*Asks:* 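This is the structure I want to talk about, given as C-alpha cells.
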Number of protein chains: 2
Amino acid sequence: MATLPQAFAETSATTGSDATDSGPAWDVIELLFFAYRDFVSDPDRILGDYGFGRAHHRVLHFVNRQPGLTIAELLDILRITKQSLNRVLKELVEKGFIEQRAGVADRRQRLLFPTAKGRELAVALAGLQTERVTRALADAGPEARDAALRFLFAMIDPDDRTHVARLVWNDATTVPR
Amino acid sequence: MATLPQAFAETSATTGSDATDSGPAWDVIELLFFAYRDFVSDPDRILGDYGFGRAHHRVLHFVNRQPGLTIAELLDILRITKQSLNRVLKELVEKGFIEQRAGVADRRQRLLFPTAKGRELAVALAGLQTERVTRALADAGPEARDAALRFLFAMIDPDDRTHVARLVWNDATTVPR
DNA sequence: TCCGTTATGTCAGCCTTATTGACATATCTC
DNA sequence: GAGATATGTCAATAAGGCTGACATAACGGA
C-alpha cells in the first residue's frame with residue numbers, strides 16, 4: 001500500500017477527521033490539482049494523432065457512454081455554450097467518430113451516437129485512464145475505493161448529484177424516446 | 001453520510017476492490033470529471049471581479065503556499081511554458097498580488113512572494129474550495145478522508161510524488177537560499 | 001390552424017490560455 | 001574567459017471558451 005509521508009500522518013492525526021475550521025484544506029486542494037493534472041494528461045498523445053484535443057475527448061466520452069444523448073443533455077454535462085460544443089462536435093462527426101440521428105418522438109432533437117470507430121477510440125482513451133486509476137486504487141489499499149468514490153461524489157453540486165448518479169451508474173442507454 | 005445509489009453498491013459488491021480487468025473504470029473517470037468541474041468553478045466568480053482567470057489562480061495559489069518559489073519550480077508544477085506563465089505572472093505583479101525579489105545565493109533567480117493583498121485573495125479562494133471539500137469529507141464519512149487522500153496521491157505520476165509530497169506537506173516555506 | 005416556445009445551427013467577433021521558435025540578458029561555474 | 005543556466009521577451013499561431021444576434025424546424029396548446 002502507498003506510504004504517505006510522516007507529515008501526512010501527523011496532520012491527519014492532529015486535525016482528525018472532524019471538519020473543524022482549521023484553515024484551508026491545502027492538502028486536498030493540491031492533491032486534487034496534481035491528480036487531475038496527470039489524469040487528463042494520459043490521453044493527450046493519442047488525441048494528438050487524430051488532431052483532437054481534450055474538448056473532443058470529453059464529448060466523445062459522454063456520447064459513447066450515453067448513446068442517443070441529445071445536444072441539450074451534453075451541454076448540461078459539459079457546462080459550455082452550444083457554439084463551443086458545436087465546433088468540436090462537427091469535427092467529430094466529419095471525421096466519422098460520431099453520428100447524428102433525428103429524435104423519434106421529438107424530431108427537433110439530434111441524438112448523438114458513437115460510430116464503431118468512435119467507440120474504439122473512446123474505449124482506448126478510457127483504457128489509458130483506467131490503468132492509472134486501477135494502479136492508484138491498488139496503491140491506496142482495498143478499502144480506499146468506496147471511500148474515494150463517496151468523496152468524489154460528495155464533491156459534486158448537490159443539485160446535480162441525482163443527474164450524475166444516473167449518468168454514472170445507469171447502464172441503460174439513453175434510447176430515442 | 002452520503003447515500004450512493006443502489007447501483008453503486010451493486011457494482012461495488014460485484015467487482016469488489018480487486019483490480020480485475022473488468023473494462024474501463026467508467027465510474028471513477030466520470031466522478032473525477034464532475035468533481036473537478038465543480039471544484040474549480042467555485043473561485044471563478046471572485047476571480048472575475050479582479051480580471052483574473054484560472055491561470056492566475058493557480059499561480060497565486062502556489063506562490064502563496066511556497067513563498068520564495070522560483071520561476072523554474074513554478075513551471076515544473078504547472079507544466080506550462082514560461083511564455084504562458086509570464087503573461088499571467090506579469091499581471092499578478094502589476095496588480096500588486098505578487099512581488100519578485102532577486103535570489104540571494106543565485107541572483108539570476110526571481111523569487112516570488114505573495115503581497116498581503118495576494119495572501120488575502122489566495123486564502124479567500126482556498127476558503128471557497130475548502131467549504132466544498134469539508135462538506136464532501138463530512139458527507140463521505142470520517143474514514144473517507146485518509147483513503148481519499150491516499151487515492152489522490154497515488155493518482156500522481158510516481159516520478160513526481162516525492163516532489164508533490166514536499167510541496168503539500170512541508171510547511172517549511174521555501175526561503176531564499 | 002395559428003402562435004409562442006423549444007431544440008438546434010450558425011455567423012461574427014472577441015478573450016484566455018496555451019503553444020513553438022528565436023533571440024537577449026544577466027549571472028553562475030569551471 | 002567560456003559555456004551553461006535562469007529568466008525575459010517578441011512574434012505568430014492554435015485551441016477552446018465566451019457573448020450576441022439571428023435562422024430554422026418542430027412541438028404543443030389555445
Side-chain angles (χ1 to χ4, degrees), chain A residues 33 36-37 40-41 43-45 47-61 63 68-95 98-112 174 176-177, chain B residues 33 36-37 40-41 43-45 47-61 63 68-95 98-112 174 176-177:
Chain A
F33 168 77
Y36 198 79
R37 179 195 69 175
V40 295
S41 80
D44 282 356
R45 278 154 291 152
L47 287 164
D49 296 342
Y50 295 88
F52 291 150
R54 288 173 189 177
H56 302 85
H57 182 194
R58 292 193 286 271
V59 169
L60 179 60
H61 173 98
V63 169
L69 203 61
T70 66
I71 300 288
E73 285 172 310
L74 197 43
L75 288 176
D76 188 48
I77 290 172
L78 300 177
R79 301 269 171 88
I80 57 174
T81 58
K82 63 181 174 180
Q83 294 90 330
S84 292
L85 172 57
N86 225 268
R87 182 171 23 81
V88 298
L89 183 55
K90 191 183 288 178
E91 289 167 5
L92 284 163
V93 170
E94 279 167 2
K95 294 188 181 171
I98 289 180
E99 272 182 4
Q100 317 200 32
R101 304 180 206 155
V104 176
D106 185 338
R107 287 175 46 210
R108 289 171 303 180
Q109 297 180 324
R110 302 290 169 96
L111 309 184
L112 306 173
T174 309
R177 284 168 277 167
Chain B
F33 168 77
Y36 198 80
R37 180 196 69 176
V40 295
S41 80
D44 282 355
R45 280 154 290 151
L47 288 164
D49 296 343
Y50 294 88
F52 291 149
R54 288 173 188 177
H56 302 85
H57 183 194
R58 293 193 286 270
V59 169
L60 180 60
H61 173 98
V63 168
L69 204 62
T70 65
I71 301 287
E73 284 172 311
L74 198 42
L75 288 176
D76 188 48
I77 290 172
L78 299 176
R79 301 269 171 87
I80 57 176
T81 57
K82 62 180 173 180
Q83 294 90 329
S84 291
L85 172 57
N86 225 269
R87 181 178 28 81
V88 298
L89 183 54
K90 191 184 287 178
E91 289 167 6
L92 284 163
V93 170
E94 279 168 1
K95 294 189 181 169
I98 288 181
E99 272 180 6
Q100 317 199 32
R101 302 181 208 155
V104 176
D106 186 337
R107 288 175 46 208
R108 289 171 304 180
Q109 296 181 326
R110 303 289 169 96
L111 308 184
L112 306 173
T174 308
R177 286 168 276 168

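Remember, predicted model here, so these are calculated numbers, not experimental data. Letters A, B, ... mirror the listed sequences (proteins, then strands); counts begin at 1.
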*Asks:* Provide the start and end nucleotides, 5' to 3', of the part of DNA chain C that has atoms under 4.0 Å from heavy atoms of chain B.
*Replies:* dT17(C) to dC28(C)

*Asks:* Locate the shortest heavy-atom distance separating Pro43(B) from His57(B); write the atom from each residue and the value.
*Replies:*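 Closest approach of Pro43(B) to His57(B): CG-CE1, 3.6 Å.
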
*Asks:* Out of curiosity, Glu73(A) CD to Ile77(A) CD1, how far, rounded to the nearest 0.5 Å?
*Replies:*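 Between Glu73(A) CD and Ile77(A) CD1, I get 7.0 Å after rounding to 0.5 Å.
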
*Asks:* Starting from the 5' end of DNA chain D, give me the residue, Lys82(A) or Ala55(A), whose nearest nucleotide shows up first.
*Replies:*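 Here Ala55(A) is the residue nearer the 5' end.
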
*Asks:* For Leu75(B) and dA6(D), what is the distance between atoms CG and P respectively, to the nearest whole Å?
*Replies:* 11 Å

*Asks:* How far does CG of Leu75(B) sit from CD1 of Ile80(B), to the nearest 0.5 angstrom?
*Replies:* 6.5 Å

*Asks:* Nearest 0.5 Å, please: how far is CD in Gln109(B) from CG in Leu69(B)?
*Replies:* 10.5 Å

*Asks:* For Thr81(A) and dG17(D), is the shortest distance between a side-chain N/O and OP1 or OP2 below 4.0 Å?
*Replies:*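 Result: no.
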
*Asks:* Within this structure, what is the CG-CZ distance for the pair Leu85(B) and Arg79(B), rounded to the nearest 0.5 Å?
*Replies:*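 With rounding to 0.5 Å, CG (Leu85(B)) is 14.5 Å from CZ (Arg79(B)).
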
*Asks:* Just how far is it from atom NZ of Lys90(A) to atom CD of Gln100(A), taken to the nearest 0.5 Å?
*Replies:* 10.5 Å

*Asks:* Roughly how many Å is it from CD in Gln100(B) to P in dT7(D), rounded to a whole number?
*Replies:*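 Going from Gln100(B) (CD) to dT7(D) (P), I get 10 Å.
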
*Asks:* Send over the distance from His56(A) NE2 to dA14(D) P, rounded to a whole Å.
*Replies:*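 One finds 14 Å between P of dA14(D) and NE2 of His56(A), rounded.
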
*Asks:* For residues Leu78(B) and Phe33(A), determine if any side-chain heavy atom of one lies less than 4.5 Å from a side-chain heavy atom of the other.
*Replies:* yes

*Asks:* Which whole-number value in Å describes the distance from Arg101(B) CZ to dT7(D) C1'?
*Replies:*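 Taking atom C1' of dT7(D) as the reference, CZ of Arg101(B) is at 18 Å.
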
*Asks:* To the nearest Å, how far apart are Asp44(A) CG and dA15(D) P?
*Replies:*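 Computing the Asp44(A):CG to dA15(D):P distance gives 13 Å.
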
*Asks:* Of the residues in residues 83-93 of chain B, which ones touch DNA chain D at a heavy-atom distance under 4.0 Å?
*Replies:*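 Correct list: Gln83(B), Asn86(B), Lys90(B).
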
*Asks:* Quick check: any donor-acceptor pair below 3.5 Å linking the side-chain of Arg108(B) to the base of dT5(D)?
*Replies:* yes

*Asks:* Quick one: CD on Glu94(A) to CG on Leu89(A), what's the gap to the nearest 0.5 Å?
*Replies:* 10.0 Å

*Asks:* Hey, what's the ring geometry for His56(A) with Phe52(A), parallel, tilted or perpendicular (30° and 60° as the breaks)?
*Replies:* parallel

*Asks:* Should Glu91(A) and Arg87(A) count as side-chain neighbours, where that means a heavy-atom distance under 4.5 Å?
*Replies:*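 Yes, side chains in contact.
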
*Asks:* Between atom CG in Asp106(A) and atom P in dA26(D), what is the gap in whole Å?
*Replies:* 10 Å

*Asks:* Between P on dA26(D) and CD on Gln109(A), what's the gap in Å once rounded to a whole number?
*Replies:* 13 Å

*Asks:* State, to the nearest 10°, the angle formed by the axis through the first five base pairs of the helix from dT1(C)-dA30(D) to dC30(C)-dG1(D) and the axis through its last five.
*Replies:* 30°

*Asks:* Please state how far atom NE2 in His57(A) lies from atom P in dA15(D), giving the value in whole angstrom units.
*Replies:*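 Taking NE2 of His57(A) and P of dA15(D), I get 18 Å after rounding.
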
*Asks:* So if I apply the side chain to side chain contact (heavy atoms under 4.5 Å, CB included) rule between Leu112(A) and each of Ile71(A), Leu60(A), Thr70(A), which one comes out positive?
*Replies:*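 Filter result, single survivor: Ile71(A).
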
